[in-house]
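Notes for the one structure printed next.
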There are 2 protein chains.
Amino acid sequence: MPARKQTKAPPVMAEADIAIVRIAPETSFKNKAYEALKEAILKMDIYATPEQVMLDERALSERLGVSRTPIREAIAMLEQDGFVRTVPRRGIVVVRRTKTEIVDMIRAWAALESMAARLITTTARKKDITALRDFFKDFGKDRLPQDHVEEYSKANIAFHQALISLSESPVLVDLTNDLLLHVRGYRQLTIGRKDRTATSLPEHLAIIEALEARDTELAEKRARDHTLGLAAYVEAHGQELFS
Amino acid sequence: MPARKQTKAPPVMAEADIAIVRIAPETSFKNKAYEALKEAILKMDIYATPEQVMLDERALSERLGVSRTPIREAIAMLEQDGFVRTVPRRGIVVVRRTKTEIVDMIRAWAALESMAARLITTTARKKDITALRDFFKDFGKDRLPQDHVEEYSKANIAFHQALISLSESPVLVDLTNDLLLHVRGYRQLTIGRKDRTATSLPEHLAIIEALEARDTELAEKRARDHTLGLAAYVEAHGQELFS
DNA sequence: CGAAGATTTTTGGCATACCAAATACCAGGA
DNA sequence: TCCTGGTATTTGGTATGCCAAAAATCTTCG
């Protein structure tokens, strides 16, 4: 019942060591706007619309019920992320990536993921590695991935994110997530479509096996080659998918 | 003398094809502030000062001669970069990385650079690869790197950046530059100090050789191991260097 | 003196107003 | 009807002002 104070000096009375978590800072409008806009951008299929998508500060501020100030700050952040580009006196355009850029990003992703695999072989616990198989427990000979592309795609992404998390490297996790957001924006390639889905599952299992075997070099190579395979796929078959 | 118009339709009269370059967009205060603050943060030795460095919006706006608005937008951008963290009603603190974080970043850097090396073996021109040696032309048996650590460190960084640029992958270049900015902030490790400097040069040359030989796997491995070596060094000897 | 409490100051968050460049729109003239 | 100017409007950029939470400072009472 005693209201907790922040006096740090006199231990006259031992304070109840209750788990008080430093009350939620009530995220600012700036951050709320950032999250909202980011989600909105990721949700829309920017590659589907013919003409480029533009944002309007005033319209957004009205829609979100806040002034332009926090909106502008959020826009500035999104611009740092590379999601939008603001042109003075022109407007704010949602950035569309070219096929080349997407391929480039997937390559970087491959680099980071292979490093994650490398680290995992030396630090992760066996049970955590084995747990990676669970993402694909719903698929097998009697339920082929290529027959449930959408669902498999979700499992696919979850697997990759879980894999990288196992590296316990915040940097790898963050960088990869950022890249993935951009790549996913291009949803027509649902991370390797039907024709790639078939080979995907065995490759994933092979990666897991290498991890379990603590074979650093092999795990790294398999992780890298797997994702580079996606890059090559996009590079080869992505023509018609991009404007 | 005729003022150029932007009409694109009727070629009634051939327009003077004067080299008019779309007047410089006069970068905004927001961007100027961003650049200025970023440089200031990178220039100061944040790991040298005992207590954490704080920024003050009003003070900055006064110093830079602009209002708080563009300053705040710049701060928002820097926060996205991970250089500062703003605490509501508290202040803006310049982020200090822990040793673990620095090591983590160097590992990610190793991953990206090894991918760059990989790409280079398949696309770069021989003369561009060979040109990488020039960065170290001032060093040799008669002028050891460890006797000119500061100078060698500069050459070192320039080499790595040039190397990654050769990959012609904007993503790799950008991500690496970002990481490097954070790592360099910790200048007491001048990218591998004296004791590492000795082994650094031969390793660089070995990387170049592998690139010239177009040995993809070897180049990748050497690039990776070289930078991972730095990570290991920091992890082992960085104790006293961090608070 | 010392400490609890009240008050002032500081600091980031947000709203608003105004500016200038770009653009859209419109009326007049060939 | 179709340009040509010119004017109104739109849009991002910037400056200010005020607010509330925190911190710092001062005050007062035991």
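Chain letters run A, B, ... following the sequence lines, proteins first and then strands; every chain starts at 1.
- Taking every side-chain heavy atom of A:R89 into account, D:dT11 is the closest of D:dA23, D:dA20, D:dT11.
- Following rounding to the nearest Å, B:E73 (CD) and C:dG12 (P) show an atom-to-atom distance of 16 Å.
- Distances were taken from every side-chain heavy atom of B:R68 (C-beta onward) to each of C:dC18, D:dA15, D:dG17; the shortest belongs to D:dG17.
- With respect to B:R107 and B:E235, a salt bridge is recorded, a charged nitrogen being found less than 4.0 Å from a carboxylate O.
- In this structure, B:L64 atom CG and D:dA15 atom P are separated by 11 Å, rounded to whole Å.
- Between B:R90 and D:dA23, a side-chain N or O to OP1/OP2 separation shorter than 4.0 Å is present.
- Using cut-offs of 30° and 60° on the angle between ring planes, the pair A:H182 and A:F83 is parallel.
- With rounding to whole Å, A:M54 atom CE is found 10 Å from C:dT23 atom P.
- When heavy atoms are screened at a 4.0 angstrom cut-off, A:T86 is found touching the sugar-phosphate backbone but no base atom.
- Classified by interplanar angle (parallel below 30°, tilted 30° to 60°, perpendicular above 60°), the ring pair A:W109/A:H160 is perpendicular.
- To the nearest angstrom, C1' of C:dT9 lies 12 Å from CG of B:D56.
- Evaluation of atom-type donor-acceptor distances gives a pair under 3.5 Å for the side chain of A:T69 against the base of C:dT16.
- Between the NZ atom of B:K30 and the C1' atom of D:dA15 there is a distance of 16 Å, rounded to whole Å.
- Proximity of A:S67 to the phosphate of C:dA15: a side-chain N or O atom is located under 4.0 Å from OP1 or OP2.
- Each of C:dA15, D:dA15, D:dT11 was ranked by its minimum atom distance to the side chain of A:V66; first place goes to C:dA15.
- Under the 4.5 Å side-chain criterion, counting only non-hydrogen atoms from C-beta, A:E113 is not in contact with A:S167.
- Taking atom CD1 of A:I71 as the reference point, atom C1' of D:dG12 lies 14 Å away to the nearest angstrom.
- Ion pairing between B:R96 and B:E51 fails under the 4.0 Å rule for side-chain N and carboxylate O.
- As a whole-Å value, the separation of B:E57 CD from D:dT14 P is 15 Å.
- Look at CG on A:L55: it is 16 Å from C1' on D:dT10, rounded to the nearest Å.
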